[in-house]
2 protein chains.
Amino acid sequence: MAQKLTLKKIAQELKVSISTVSKALRDSHEISVETRTKIQEYAKRYNFKPNNIALSLKNQKTKKIGVIIPEIVHHFFATVISGVERVANEKGYQVIICLSGESFDKEVVNMDMLANGSIDGFVMSLSKETMERQDFHHLREVTNQGMPIVMFDRVADDIACDKIIIDDVEAANKATDFLLRKNRRNLGLISTPDYVNVGRLRTQGFKEALMKRGYEIDESAILKVEDIENCGDKIKDFLAAGNYDGLLAVNELFAVTASKALQGMGKKVPDDVAIIAFTDGMLSKYASPTLTTIGQKGEEMGGLAAAKLIQKLESDHQEDETYETVIVKTSLIERESTP
Amino acid sequence: MAQKLTLKKIAQELKVSISTVSKALRDSHEISVETRTKIQEYAKRYNFKPNNIALSLKNQKTKKIGVIIPEIVHHFFATVISGVERVANEKGYQVIICLSGESFDKEVVNMDMLANGSIDGFVMSLSKETMERQDFHHLREVTNQGMPIVMFDRVADDIACDKIIIDDVEAANKATDFLLRKNRRNLGLISTPDYVNVGRLRTQGFKEALMKRGYEIDESAILKVEDIENCGDKIKDFLAAGNYDGLLAVNELFAVTASKALQGMGKKVPDDVAIIAFTDGMLSKYASPTLTTIGQKGEEMGGLAAAKLIQKLESDHQEDETYETVIVKTSLIERESTP
DNA sequence: TTATGTTAAGAAACCGTTTTCGTAATGTAA
DNA sequence: TTACATTACGAAAACGGTTTCTTAACATAA
């Protein structure tokens, strides 16, 4: 079990000082060619790699970015991470992941831990509980220390930082309009409570599309599901109560649950009811019928978030006190659930 | 932008030495009660938190564990991470994730980076390319340095380390037997190439179940899919060529693809063809019909791996040179795709 | 009074790097 | 010979903590 090689050990072995070794390895001309090659060869032979922790301490930067998300067992978040990781690695950064599990307290604890020197900046999406409480003191604490944050998807409007979002209002608007153009008149929406900003915005887009065409809005045609795990019965009741010929769902889980419920009730998708879902994940691609979706481009959002963060980190210094909100274009992916 | 508070700054402010501050904050009786409370109050008021990097350097441990997996956009791996994260956090550890993207080189680079002081130990599942090459020098290098590894799912038999696996042979065996007991006689298997050990082992279990009952093995009833992304046509051809009444698939993607293909060919699932899939993920739960699966218990495997690793890390020292292979019990989850 | 003990604090070493500064041994020009 | 450069290296500080070793001041016992 050969213990890790350090500058000190090399110095002792070759009977030179630590500084000489360090300089030689960085090819400093202060060191004679002879000594330099001797040291470099030794280092190569015994596979010397400088200790990251020591470098971090010295340089006051870790080359790591912290990602805090509510859940990882969630196709959208998994794709985001994938994008963050890709860009981060390209630029020589590593990714530390913490899950809030939709809990405010865990989000705070995780941020505190990471903020204490473990990382250079954050990429994050807020937990439901945080959105509900509207308590963002932990975010402020971090930004006050001069540590940059890039938020995506579930963002806090009144925190000054870069943000990567999709235009939820417009996307819902377009999807709704798509259904209307297919001559669906009795539309239902399956959404989340309003404190989840994406739920609120998508609901807004849904309403706007209807109003634009002069239809009036029936609040009973909008279902707000609290408990995503046990949404089955709620959705069934909702569908039984209305006579919808078109449905918009804010995620694919709601959509496929609705689709199955409808088929169980003897209705045909898309003939009787057309369905569009947010989030273009596995379920949409493999459900029967396959679902028309609004692609959220998680990969792309993650990549943009990481790129933005790293740019901030490497910009000469926080003179760059302007923040940007990037809106990623969504796209409607047509499949079997719309005619 | 209040710069981060350090011991040094507190010391200057309160006109004492750094050591006094450090001791006071750790409640040392070497410091008078008076001085101690003064310092503690100051630290609390200005929210002092010791710098993680400095602690890591001093203690020669980071309280971080590195996870290297092939992909994160993969329900099974996502659940494993979720389990790792849960247990790690409970024990005060954080999780650094790197993705190999099924590439040998990326796996090596990531391990090298992490091994240089960034983490205390690894939890990992090998990339396909690594399994194919059977080149494990990077694993050996790490273990030789005294850094523990726990492997799960895709493991290398000849590396000495703890392993968490499911009994793939037995699980496939049981699933096959289940189909046979339902009077299915013409069974097909959709698997991966043999260098992926889980594919090989599940194939073995499938064969053993048939032989045990005296059926002979028809190699043409076994499909080995290389390219998981574009498996559709291969599977369609395979199903068209045989007249199966029962199918075992080594993952749910293959299973749901097969199910849809069969239904497209006018066959009924499960009446004409029964299907069982490995990996109990989203697809199985929401496909039509829902799929009977073999649950791989990713959460549990991740949790066990993290617990094992941390136990190794905190055991008084590598006197504990024995390695364990934990076999996680699978369970057959019956749904609509089997009668 | 002297020897010994106790208390409360600071100095310094250490973890593994990088980097600035200092300097002995040369070489070169006046 | 003296003064100044250059070369090639080492010493030391710094990053931010923890911990061991020292020490000054005072208290107590012989």
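Just so we're on the same page: letters track the sequence lines, and every chain starts at 1.
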Checklist entry - Does C:dG16 have OP1 or OP2 sitting under 4.0 Å from an N or O in the side chain of B:Gln60? => result yes
Checklist entry - Would one find more than 12 heavy atoms of other residues, nucleotides or ligands at under 6.0 Å from atom NZ of A:Lys106? => result yes
Item to check | B:Ser56 (side chain) donor-acceptor with B:Asn52 (main chain) under 3.5 angstrom | outcome: yes
Next on the checklist: Do the side chains of B:Asp162 and B:Lys312 get close enough for a salt bridge, i.e. N-O under 4.0 angstrom?
Outcome noted: yes
Checklist entry - Within this structure, what is the CG-to-C1' distance between B:Asn52 and D:dC15, rounded to whole angstrom? => result 15 Å
Next on the checklist: As a test of understanding, state which of A:Arg26, A:Lys23, A:His29 forms a side chain to side chain contact (heavy atoms under 4.5 Å, CB included) with A:Arg36.
Outcome noted: A:His29
Checklist entry - A:Leu57 or B:Glu34: which one's nearest nucleotide on DNA chain C is closer to the 5' end? => result B:Glu34
Next on the checklist: Rounded to whole Å, please give me the gap between CD1 in A:Ile53 and C1' in C:dC14.
Outcome noted: 16 Å
Can you name the atoms? Protein N/O to nucleotides 17-20 of chain C N/O, anything below 3.5 Å, with the distance.
unit_1	atom_1	unit_2	atom_2	d
C:dT17	OP1	A:Asn51	N	3.1
C:dT17	OP2	A:Leu7	N	2.9
C:dT18	OP1	A:Arg26	NE	3.4
C:dT18	OP2	A:Ser22	OG	2.8
C:dT18	O2	A:Lys58	NZ	3.1
C:dT19	OP2	A:Arg26	NH1	3.3
C:dT20	O4	A:Lys23	NZ	3.2

Checklist entry - Is A:Thr37 reaching over with its side chain to a backbone N or O of A:Val33, donor-acceptor style, under 3.5 angstrom? => result yes
Item to check | Candidate list A:Lys91, A:Lys61, A:Lys63, test salt bridge (Lys or Arg N to Asp or Glu O under 4.0 Å), partner A:Glu314, passing option | outcome: A:Lys63
Next on the checklist: So A:Ser56, base contact, sugar-phosphate only, or nothing? Heavy-atom distance under 4.0 Å.
Outcome noted: nothing
Checklist outcome for this item: Rounded to 10°, the helix from C:dT1-D:dA30 to C:dA30-D:dT1 deviates from straight, judged by its five-pair end axes, by 80°
Item to check | B:Asn51 backbone acceptor or donor facing B:Lys4 side chain under 3.5 Å | outcome: no
Item to check | Between C1' of D:dG17 and NZ of B:Lys9, the distance in whole Å | outcome: 14 Å
Checklist outcome for this item: Whole-Å distance, A:Leu25 CG to C:dG16 P, equals 16 Å
Checklist entry - With no hydrogens and no angle check, is any side-chain donor or acceptor of B:Glu71 less than 3.5 Å from a backbone partner on B:Glu102? => result no
Next on the checklist: Classify the ring geometry of A:Tyr46 against A:Tyr42: parallel below 30°, tilted from 30° to 60°, perpendicular beyond 60°.
Outcome noted: tilted
Next on the checklist: I need the CG-C1' distance between B:Asp27 and C:dA8, as an integer number of Å.
Outcome noted: 15 Å
